[in-house]
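One structure below.
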Amino acid sequence: MHASTHRRARVAALCTFLAMVAGGAPVDAGKKKKKKDKDKDLTAQQIVDKMIDQDPLGYGGAESHLTMALVNDRDQESKRKLFMKSRKDGDTRRLFVRFQSPSDVAGTSFLGVDDDGDRTQWLYLPAVAKSRRISGKQRNAAFVGTDYSYADLDNRDIDDSTKERLTDEAVGKQDCFVVEALPTSEESAYARVMLWIAKDSYLPLRIRFFDSSDTEIKRLTVQEVKKVEKRWVITESKMVDLKRQHTTVMKVTEIDIRDDIPLEQFEERALERE
Amino acid sequence: MIRFGTGLTIALAACVAATASPCLVADAEAQVWKPKQPKKPAKAKKPKKKPKKKPKPVEADPDPVAEPEAEPEAEPEPEPEPNAEPEPDAEPEADEEDYEEEDEEASDDDAGDTVRIDDEFDDVGADVKFSASDLASDAADGTGATRLETKALGYGRLGVDTIHDPPPRVTDRKSTGEDVLEFRAHGRAEGTSRFGERVKVKVSGRADAELGLDSDTQIGTERYEAQIWDTYADVYTTWLDVRFGKQLITWGTADLLSPNDVVNPRDLRRGIALQPDELRIPVLALSATAFSGPLSLQGAWIPVAPTNRFDLLDGDYAILGPHAATDVERRVGALVSALADDPMLGIAVSPILAIGDDPGNGIDTGELAASGSITTRRIDAHAYFLWGHERSPRIRIAEDLREFLTMTPAEMLTPQVFAERIQLLAMEGVAAVRVDQPRRVHTGVAMATRLEPIGIKLDVGYTPGAATVLVTPGLGPVLGEVEKLPQVTGVVSLDYDRGTELSAVVEVSHTRVLDVPAGADVFQMTKGDHLTVVATQLSWNPSGGPVTLSGIGFVDIDAPSYAIRPALELSGNDHWSVEIAATLYGGPAGTLGGINTDADQVTLTVQYGL
């Protein structure tokens with residue numbers, strides 16, 4: 001046998017060994033099969049629960065900095081920078097957002113608390129130096145000029161819905177569960193929401209929002225996901241308001257997974273601290 | 001009286017967000033934006049494995065990732081190659097082989113697996129490219145150690161007033177306020193430093209340069225001013241927030257007319273038809289707020305009693321200026337203006353000229369403030385108490401001087417006669433004018449709730465002894481008398497929001513002064529002892545487009561009189577905006593809007609910010 005052939009064989013054997021030690025090919029294949037079987041049994045509710053548990057924004061316990069681009073139907077573009085932090089305690093999720101630039105929105109801060117479906121949101125406007133509650137149908141309004149509504153931020157219309165699992169599909173190369181959600185809240189702006197949720201990460205890679213005439217009104221697509229400290233997070237996404245032809249692209253510029261952000265930073269007083 | 005003003009405002013603003021910031025994640029390279037890949041045919045074949053050790057993508061790289069072509073959906077997953085490196089942090093359930101690794105080096109990194117998603121449904125909306133500066137973060141680090149933010153803003157204003165109303169009836173006058181050409185440059189800067197998550201320091205300042213030209217008198221005016229704005233240090237603990245420095249303590253729930261918003265003084269030099277943050281002046285205070293569940297208690301010590309800022313003689317809103325409340329005030333203003341620069345007689349009017357100065361309050365005349373709040377799921381409720389001072393000075397004219405001003409025919413009331421009268425009083429040991437800021441105790445309650453889709457706020461404030469100017473009906477404050485009388489004000493505020501597209505606030509305020517003597521009226525209250533004001537604020541940005549219609553207005557429905565400021569703003573992009581606004585006042589003399597009927601103007605503002 002040629003020396004180089006021996007060398008290749010030794011390398012292949014070593015790699016196989018390493019792969020096995022690391023849970024490699026044979027074990028991995030077994031896991032894949034097991035997971036695929038498990039996936040088949042999941043109900044729409046379980047899938048959505050896992051998605052929400054994962055946190056669709058992917059920041060259940062994190063500090064992150066984002067750049068946001070807003071583009072209107074005349075292709076006029078504006079950029080915003082924002083700071084976001086989140087915390088998850090059991091079924092209670094908290095999200096804090098503060099806009100850092102440009103100057104017309106700088107200081108505008110948002111706090112959302114979702115206590116197992118009991119949701120409260122506040123918006124702090126530096127111009128009036130006061131925080132204001134956001135509730136009811138008001139939460140269907142655009143979040144600080146973006147194409148996200150306040151309700152989108154805490155998945156009200158996905159969480160409070162009847163769900164049905166449809167045939168799995170792929171988004172790009174990613175195998176996805178497909179779930180149809182029919183919001184039950186009378187306050188919802190959507191009659192139907194279709195979700196494509198990655199089987200591997202439970203991140204929503206595509207969401208389509210339909211109104212009562214079954215016209216698609218908004219569409220969320222994900223351009224980039226990233227694994228940070230063992231957690232997959234969405235790092236670039238695009239939400240399009242198809243009626244207004246308005247686009248919001250969000251790009252995470254920095255993210256730090258943290259579970260130790262003090263609770264008081266998610267209380268109403270935190271808005272005025274900023 | 002008809003007055004039409006034109007204003008041209010040229011604005012320049014610079015806002016610099018600067019932060020030194022090491023990346024929070026180790027894979028800094030993966031944070032660089034990569035151009036979106038062109039769509040591939042859905043059924044195109046793809047290579048089984050992407051090239052290894054691909055050079056790091058850069059902005060200009062048209063194909064930085066070299067993403068393989070999309071494979072048919074039914075195609076089985078490619079088997080991992082024998083020499084594939086294992087995931088160091090693979091999650092048990094995560095099948096990361098399904099994710100296309102963007103970069104081998106990135107995948108080696110514990111923090112940096114990045115996957116681009118090529119979704120055929122990503123064919124709507126705009127394509128966005130982020131520049132390196134877009135992606136530069138403002139954060140120093142993720143642990144909240146230190147974060148610096150700086151911001152600067154500036155704008156300029158050029159205005160022309162074209163009013164042609166009769167000037168005050170005095171021969172010597174310094175400025176009529178007619179046909180004023182005005183330019184104003186305004187700058188703001190602020191910096192915030194955070195030291196960990198417990199300490200924050202904020203420093204901010206504002207600067208103004210105002211140049212005006214009165215075309216009637218050909219006299220130019222100028223004013224330069226630099227002010228420290230909210231500048232403070234914060235210390236946060238789990239249950240207590242402490243702040244020391246110049247700060248805004250915003251009480252009350254109503255946005256425009258809250259009677260409980262009494263801590264911060266106001267800058268009244270540019271009228272009242274302005275946004276609240278243009279009016280409030282930060283106050284030097286040591287404040288502490290304790291939190292326990294839904295309850296919070298705030299206490300504040302204000303070592304030096306603050307005062308409202310106003311112009312005495314010059315400017316559209318000067319209390320003794322050419323547009324003062326009534327003819328008497330205008331005449332006195334013209335007399336004082338004429339005497340102010342006279343080396344011999346000027347000293348006689350020095351007590352009047354000192355009206356706008358800060359009173360000599362020190363530690364002994366400080367103030368104490370306290371508030372308590374409870375926040376429930378449906379209702380926020382607040383209670384307030386201030387042991388403070390009047391924010392506007394109490395001005396008391398000597399009885400002799402008041403009689404002199406009332407009895408002397410206007411044509412005989414020359415600056416010299418006026419000065420002689422004041423000197424005569426001084427020789428008799430009588431102060432022509434006494435100015436002070438008496439104690440004022442304020443109590444109040446407020447609540448806020450929502451009855452969908454309307455936000456409802458109620459504010460009630462009570463002052464047992466408010467300095468009240470009592471006037472003979474129709475006369476101005478100079479000839480009035482000041483008494484301390486109980487005063488109560490209630491406000492109902494309704495708000496409706498539809499995101500940033502539409503915001504509307506309507507408030508109704510009713511103020512009633514108790515124990516008003518028979519035959520006297522409270523200044524500005526045409527009904528004698530009460531005043532009802534409707535205020536509104538509106539902002540409408542149709543379809544999130546570049547045009548925003550906005551307005552703020554106050555209507556005294558008893559008089560009736562009004563002060564309104566409709567505006568139309570055009571936003572070019574993040575940095576530039578142009579606003580055209582009209583500020584309109586109207587109503588009987590001496591009323592809320594009637595005082596400033598001469599101050600109507602149209603302004604054009606151009607603003608730039610980063």
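Quick caveat, the model's predicted, so the values are computed rather than measured. Numbers restart at 1 for each chain; the letters A, B, ... are given by sequence-line order, proteins then strands.
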(request) Please flag which part of Arg219(A) lies under 4.5 Å from any non-hydrogen atom of chain B: side chain, backbone, both or neither. (result) side chain
(request) Evaluate the side-chain proximity of Glu264(A) to Leu240(B): yes if any heavy-atom separation is below 4.5 Å, no if none is. (result) no
(request) Under 4.5 Å heavy-atom distance to chain A, tell me which part of Lys202(B) shows up: side chain, backbone, both or neither. (result) neither
(request) Under 4.5 Å heavy-atom distance to chain A, tell me which part of Phe291(B) shows up: side chain, backbone, both or neither. (result) side chain
(message) Has Thr247(A) got a side-chain atom pairing as donor or acceptor with Ala126(B)'s backbone, closer than 3.5 angstrom?
(response) yes
(message) Please identify, among Asp380(B), Leu248(B), Thr289(B), Leu256(B), the residue contributing the most non-hydrogen atom pairs under 4.5 Å to chain A.
(response) Asp380(B)
(message) Contact between Val171(A) and Ile117(B) at the side-chain level, heavy atoms closer than 4.5 Å - yes or no?
(response) yes
(request) Keeping the roles fixed (side chain from Lys238(A), backbone from Val124(B)), state whether a donor-acceptor pair exists under 3.5 Å. (result) yes
(message) Are Glu268(A) and Ser296(B) packed together at the side-chain level, in the sense that at least one heavy-atom pair is separated by less than 4.5 angstrom?
(response) no
(message) What's the separation between atom CG in Asp127(B) and atom CD in Gln223(A), rounded to the nearest 0.5 Å?
(response) 8.5 Å
(request) For residues Arg132(A) and Asp255(B), determine if any side-chain heavy atom of one lies less than 4.5 Å from a side-chain heavy atom of the other. (result) yes
(message) For a 4.5 angstrom cut-off between non-hydrogen side-chain atoms, does Val128(B) reach Lys251(A)?
(response) no
(message) Report which part of Leu220(A) has an atom under 4.5 Å of a heavy atom belonging to chain B: side chain, backbone, both, or neither.
(response) neither
(message) Does any backbone or side-chain atom of Thr67(A) lie under 4.5 Å from a heavy atom of chain B? Answer side chain, backbone, both or neither.
(response) both
(request) Rounded to the nearest 0.5 Å, what's the gap from OG1 on Thr120(A) to CZ on Arg378(B)? Could you check? (result) 8.5 Å
(request) Find the one option among Leu123(A), Asp118(A), Leu70(A), Asp73(A) whose heavy-atom pairs under 4.5 Å with chain B are most numerous. (result) Asp118(A)
(request) Please look at Thr237(B) and chain A and tell me whether the side chain, the backbone, both or neither of the residue comes under 4.5 angstrom of a heavy atom of that chain. (result) backbone
(request) Considering only NZ, NE, NH1 and NH2 on the basic side and carboxylate oxygens on the acidic side, decide whether Asp241(B) and Arg269(A) come within less than 4.0 Å. (result) yes
(request) Against chain B, label Val71(A) side chain, backbone, both or neither, depending on which of its atoms sit under 4.5 Å from a heavy atom there. (result) side chain
(request) Grab the two heavy atoms, one from Asp119(B) and one from Arg206(A), that are nearest each other, plus how far apart they are. (result) OD1-NH2, 2.7 Å
(message) Could you report the tightest heavy-atom contact between Phe121(B) and Arg208(A), atom names first, then the distance?
(response) CE2-NH1, 3.2 Å
(message) Could you tell me if the side chain of Val115(B) sits less than 4.5 Å from the side chain of Glu224(A), heavy atoms only?
(response) no
